[in-house]
2 protein chains.
Amino acid sequence: MSTWPDTALESLRAAGLRRGGARRAVVDYLAAQACCRSAQEIHDGIRGRGGEVGVASVYRALDTLVELDLVQRVDIGDGVARFEPTHEGTHHHHHLVCDDCGKVEPFTDAALERALERAAGRLGYELEQHDVVLRGACDGCRPGD
Amino acid sequence: MSTWPDTALESLRAAGLRRGGARRAVVDYLAAQACCRSAQEIHDGIRGRGGEVGVASVYRALDTLVELDLVQRVDIGDGVARFEPTHEGTHHHHHLVCDDCGKVEPFTDAALERALERAAGRLGYELEQHDVVLRGACDGCRPGD
DNA sequence: CTCCAAACGATAGCGATTCTCATCGCTGTG
DNA sequence: CACAGCGATGAGAATCGCTATCGTTTGGAG
Ligand SMILES: [Mn+2]
Ligand SMILES: [Mn+2]
Ligand SMILES: [Zn+2]
Ligand SMILES: [Zn+2]
């Protein structure tokens with residue numbers, strides 16, 4: 001099994017796409033993150049390393065990657081779309097959002113995944129994806145009780 | 001047990017807020033819907049009935065209602081925020097979104113709710129809310145197989 | 001090496017949401 | 001009931017995330 005950036009770049013090539021700098025920079029940036037990032041963060045992050053990408057190219061790259069199911073869009077409800085690599089196996093996770101400070105943390109729960117699968121089975125949809133966001137107060141924001 | 005609009009208007013009064021027309025119109029409109037609606041839809045819906053609300057007032061009312069936990073924000077990933085009454089008991093539901101045509105449908109699943117509760121118990125957050133969005137192709141958009 | 005379409009970056013445009021501010025109208029007081 | 005004070009409201013300006021446009025660059029097949 002190869003690493004996610006390798007798989008991603010390979011899939012892009014297989015889809016007949018050229019190997020441009022912008023797409024590669026987005027893939028590399030996302031591969032180095034532990035959780036989802038906004039397009040702005042990605043843009044800034046790449047520029048911070050000296051990369052010269054336009055915002056439009058970042059959005060275009062994300063579009064393509066989402067289309068190929070290599071990247072997943074995460075919506076936590078603040079009006080800003082975030083993106084992270086699609087992990088089928090070991091890194092698959094969902095998100096905890098602190099309503100107070102806005103912190104986003106990943107979490108995993110095998111039993112929940114099973115329940116989601118079963119729930120999906122009961123519905124008439126051909127399911128592609130599922131998103132779960134849990135909201136509340138994080139350790140830091142909880143009034144010390 | 002009283003109806004949702006009554007509870008909502010009561011909570012607003014209890015919070016020391018005056019009884020203005022805009023907030024009431026938003027509560028009434030939402031109470032009549034089966035699922036989430038966007039701010040635009042709410043605005044248009046109220047005006048269609050002859051109401052004279054500004055968009056700003058709709059957004060302000062929604063803000064307040066969300067703050068008081070009377071209304072829940074639903075984010076299905078199309079860049080438009082939707083809102084629906086917070087139902088604890090019988091009307092609580094989550095959403096199915098068709099990636100193709102964008103249709104949004106509510107669904108309920110008791111086993112899933114139990115799994116969510118248990119998952120929440122395992123995490124260090126003080127949970128307030130949870131959102132689940134399932135995505136895929138709906139009956140109409142699925143290539144007839 | 002040449003050539004062309006894909007990919008790019010800058011920037012204008014767009015739609016959703018928020019901000020500003022002058023006005024309006026609850027609500028408690030006299 | 002008249003009035004004052006202040007929260008609520010509506011119109012429109014401003015912001016912001018995202019998309020469309022367009023001229024330029026460049027990967028890579030021949
Ligand atoms: Mn999952
Ligand atoms: Mn639920
Ligand atoms: Zn994540
Ligand atoms: Zn709904």
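Note on naming: letters A, B, ... go to the chains in the order of the sequence lines (proteins, then strands), and numbering restarts at 1 for each one. Predicted, not measured: the structure shown is a model, and the values here were computed from it.
Here dG27(D) presents its P atom at 13 Å from CZ of R24(A), a figure rounded to the nearest Å. Whole-Å rounding puts the H43(A) NE2 to dT11(C) C1' distance at 13 Å. What separates CD of E41(B) from C1' of dT17(C) is a distance of 16 Å, to the nearest Å. Nucleotide dA5(C) holds its P atom 10 Å from the CZ atom of R18(A), rounded to whole Å. Straight-line distance from the CZ atom of R73(A) to the C1' atom of dG17(D): 10 Å, rounded to whole Å. In this structure, I46(A) places its CD1 atom 11 Å from P of dC8(C), rounding to the nearest Å. Atom C1' of nucleotide dC26(C) and atom CG of L12(B) are separated by 15 Å, given to the nearest angstrom. Atom P of nucleotide dT18(C) and atom CG of D78(A) are separated by 11 Å, given to the nearest angstrom.
Side chain of R73(B) to main chain of G77(A): a donor-acceptor pair is present (N/O by atom type, distance under 3.5 Å, no hydrogens or angles).
Checked by distance alone, R60(A) brings a side-chain donor or acceptor within 3.5 Å of a matching partner on the base of dG9(C).
Side-chain N/O atoms of E113(A) and H94(A) include a donor and acceptor closer than 3.5 Å. There is a side-chain donor-acceptor pair under 3.5 Å between E84(B) and H93(B). For the 3.5 Å distance criterion, the side chains of Y125(A) and E105(B) qualify, holding a donor opposite an acceptor. Between H87(B) and Q72(B), the side chains place no donor N or O within less than 3.5 Å of an acceptor N or O (distance only, hydrogens not considered).
Where A81(B) and G20(A) meet DNA chain C, the nucleotide closest to each residue was compared, and G20(A) sits on the side nearer the 5' end. If you find the closest nucleotide of DNA chain C to R19(A) and to D63(B), the one lying nearer the 5' end belongs to R19(A). Projected onto DNA chain D by closest heavy-atom contact, V55(A) and E52(B) fall at different nucleotides, the more 5' of which corresponds to E52(B).
Side-chain proximity of A56(B) to the nucleotides dG12(D), dA7(C), dT17(C) is greatest for dG12(D). Taking only side-chain atoms of R23(A), from C-beta outward, the nucleotide of dC8(C), dG7(D), dT26(D) with the closest atom is dC8(C). Distance from the side chain of Q40(B) is smallest for dT17(C) among the nucleotides dC18(D), dG12(D), dT17(C).
An OP1 or OP2 oxygen of dC18(D) is reached within less than 4.0 angstrom by a side-chain nitrogen or oxygen of Y59(A). For dG10(D), the OP1/OP2 oxygens have a side-chain nitrogen or oxygen of S57(B) closer than 4.0 Å.
R13(B) comes within contact range of no nucleotide atom at all, as no heavy-atom separation falls under 4.0 Å.
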